[in-house]
Amino acid sequence: MEIKTDNELAAMREAGRVVARALKAVSEHAAVGVRLTELDAVAADVIDEVGARPAFLHCHPDFAPTPSPR
């Protein structure tokens with residue numbers, strides 16, 4: 001187990017808030033006929049607004065033939 005510092009905990013808390021905002025925005029835009037790429041753009045906008053960077057953007061796991069575009 002790794003003990004987190006107060007600064008690390010604060011950063012994790014803020015990251016959680018950004019994720020919560022992105023998920024809320026996506027859920028508000030989700031409807032029949034809305035494309036996944038549109039929902040992806042909604043989440044990206046929220047993340048960009050706060051100057052954050054998605055952790056898994058263009059992630060390329062060993063088992064995947066190509067990187068994840070989202």
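The chain is numbered in sequence order, starting from 1. These values consider heavy atoms only, across backbone and side chains, with no hydrogens, waters or symmetry-generated copies.
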Below 3.5 Å, can you tabulate the donor-acceptor pairs from side chains in residues 10-30 to any protein atom, sequence neighbours excluded?
unit_1, atom_1, unit_2, atom_2, d
R21, NH2, E49, OE1, 3.3
S27, OG, L23, O, 3.3
S27, OG, K24, O, 2.9
H29, ND1, A25, O, 2.8

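Applying the side-chain contact (heavy atoms from CB on, under 4.5 Å) criterion to A31, with sequence neighbours excluded, gives V34. Under the side-chain hydrogen bond (donor to acceptor under 3.5 Å, both in side chains) criterion, T5 pairs with E8, sequence neighbours left out. Every residue two or more places apart in sequence or in another chain that forms a side-chain contact (heavy atoms from CB on, under 4.5 Å) with P61 is listed here: C59, F63, A64.
Clustering of Ile, Leu, Val, Met, Phe, Trp and Tyr by side-chain heavy atoms under 4.5 Å joins V32 with none of the others. Grouping Ile, Leu, Val, Met, Phe, Trp and Tyr by side-chain contacts under 4.5 Å, direct or through others, leaves V46 on its own.
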